[in-house]
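Worksheet: the structure to be examined is printed underneath.
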Amino acid sequence: MDRITTLDEFIIDKQKDFSFATGELSGLLRDIGVAAKIVNREVNRAGLVNILGLEGGKNKTGDDVQKLDMFANDKLIDYLKNSGECSGIASEELESFVKLPTKEGKEAKYVVVVDPLDGSSNIDVNVSVGTIFGIYRRISDHGKECELKDFLQEGNKLVAAGFVLYGTSTILMYTTGNGVNGFTLDPSLGEFCLSHQNIKIPDEGKYYSVNQGYYLQFDLEMRRYIDHCSDTKRSLRYIGSMVSDIHRNIIKGGIFLYPNSRKNPLGKLRLLYECNPMALIVEQAGGKAINTNLERILDINPTSLHQKSPIIIGSKSMVDEFETFVRKYTPNGENI
Ligand code: P6P
């Protein structure tokens, strides 16, 4: 039996790849791993401990806030606060970012963006959900509290990004800019163990993921692309949980599309803590991520914490093919 490599061992071992590394980022990644194990425990028993059902509130973008959302949010913030490596957190569940005003928080090098529990509409029906995180090096003055500009950085400035998928097994995947590695939680050990080393997304795939219920609200190029997927006998797989859909496409190959529509002129997914971290992971795995103006997701300049972006992400040749439909069917598309 191959030797088990735990997430902690891997993070520490990979730290040696960075001569300038001083251990703070490693500590932050390890703390996120611990928080993920705690969230996983509650997700796995959500039906038993009365944390199902709606918290009653609504988050910044008007989604109903479910108790498990807030539990995940609070746990992640608690562990990031205690890490001593984090200066602030921006979360889908909070209108503004959280400053960590302690001495450690003011001296910390990093800020974290997080969607604590993505796919929350699936919680009560036992369909997989996920946590998405991204880590930026702060650009505000050390020794002082973090500022909004620390979070409003382009995705190409992320120093790390990852997700946790609470599915048939619990998997944590992350990148620090040198490829993507995946770790599966072994409940008998209570450890995330290396299971997907240097994973690469297939360049082509048979799956396309889009909510076809919005078909008539989509722009012409999107409708023609969907028709093309159907004509070429691709399989539609749409879980309604971004992390699950994109994770499947990383493993099997495929494309995930959440475009603009008449209902959502800028799409639904948030740039900072959903699109950017997933785009970095997919690019690091050899894939591609753009918006419906054919801009690279990671190059979009954020202007607000909860801003939305259309996203087309997945196998490179499939995203490239989508681009041809935009150029062909969008007015003046040939000049994009
Ligand atoms: P729709 C879940 O609520 C989420 O934020 C993503 O995880 C998912 O991809 C998307 O929304 C589903 O949205 O409009 O298809 O239900």
Side-chain angles (χ1 to χ4, degrees), residues 39 43 46 52-55 57-73 76 90-94 113-134 161-167 170-171 173 207-219 222-223 225-226 229 236-250 254-279 281-282 287 289-292 297 305-314 319:
V39 171
V43 166
L52 290 178
L54 299 185
E55 183 75 18
K58 288 189 179 296
N59 69 18
K60 168 69 182 164
T61 51
D63 292 338
D64 288 329
V65 176
Q66 302 221 12
K67 288 181 182 177
L68 211 47
D69 274 350
M70 287 316 290
F71 176 87
N73 182 68
L76 280 157
S91 167
E92 180 192 42
E93 298 306 335
L94 302 173
V113 294
V114 65
D115 182 355
L117 213 58
D118 173 73
S120 49
S121 56
N122 292 310
I123 293 171
D124 287 358
V125 293
N126 204 27
V127 171
S128 52
V129 292
T131 295
I132 309 171
F133 66 89
F163 63 78
V164 184
L165 177 57
Y166 310 100
T170 297
I171 288 182
M173 286 213 174
Y207 296 122
Y208 71 105
S209 308
V210 65
N211 186 334
Q212 292 210 193
Y214 303 142
Y215 180 87
L216 295 177
Q217 298 183 40
F218 287 150
D219 291 343
M222 183 56 64
R223 285 183 274 127
Y225 178 71
I226 291 171
C229 287
L236 174 60
R237 289 285 187 279
Y238 193 72
I239 300 169
S241 170
M242 180 192 202
V243 174
S244 308
D245 279 317
I246 293 178
H247 176 74
R248 182 204 49 252
N249 292 343
I250 290 173
I255 188 170
F256 173 87
L257 310 103
Y258 206 108
N260 52 293
S261 66
R262 284 203 302 279
K263 174 188 173 187
N264 295 308
L266 284 175
K268 174 185 180 184
L269 301 175
R270 271 71 77 176
L271 177 63
L272 251 62
Y273 40 75
E274 290 175 324
C275 299
N276 272 337
M278 298 308 284
I281 292 164
V282 168
I290 59 174
N291 65 12
T292 42
I297 291 289
L305 284 181
H306 301 285
Q307 78 181 65
K308 300 176 182 178
S309 171
I311 182 168
I312 315 299
I313 181 171
V319 176

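Start at 1 and go down the list; that is how both ligands and their atoms are numbered.
- Of all the atoms in ligand 1, the ones that sit under 4.0 Å from a non-hydrogen atom of Tyr214 are 1 (P), 14 (O).
- Taking every heavy atom of Gly119 and a limit of under 4.0 angstrom, the matching atoms of ligand 1 come to 2 (C), 7 (O).
- For ligand 1, the atoms lying closer than 4.0 Å to a non-hydrogen atom of Leu269 are 5 (O), 6 (C).
- The aromatic rings of Tyr214 and Phe218 stand perpendicular to each other, their planes meeting at an angle above 60°, with 30° marking the opposite boundary.
- Within the set Gln212, Lys263, Met242, Lys268, the minimum heavy-atom distance to atom 3 (O) of ligand 1 is found for Lys268.
- For Tyr207, there are no side-chain hydrogen bond (donor to acceptor under 3.5 Å, both in side chains) partners at least two apart in sequence or on another chain.
- Taking each heavy atom of Leu94 and His306 in turn, the nearest pair found is O-NE2, 3.0 Å.
- By the ring-ring contact (aromatic ring centres under 6.0 Å, His included) test, Phe133 is found to be paired with no residue, residues two or more places apart in sequence or in another chain being considered.
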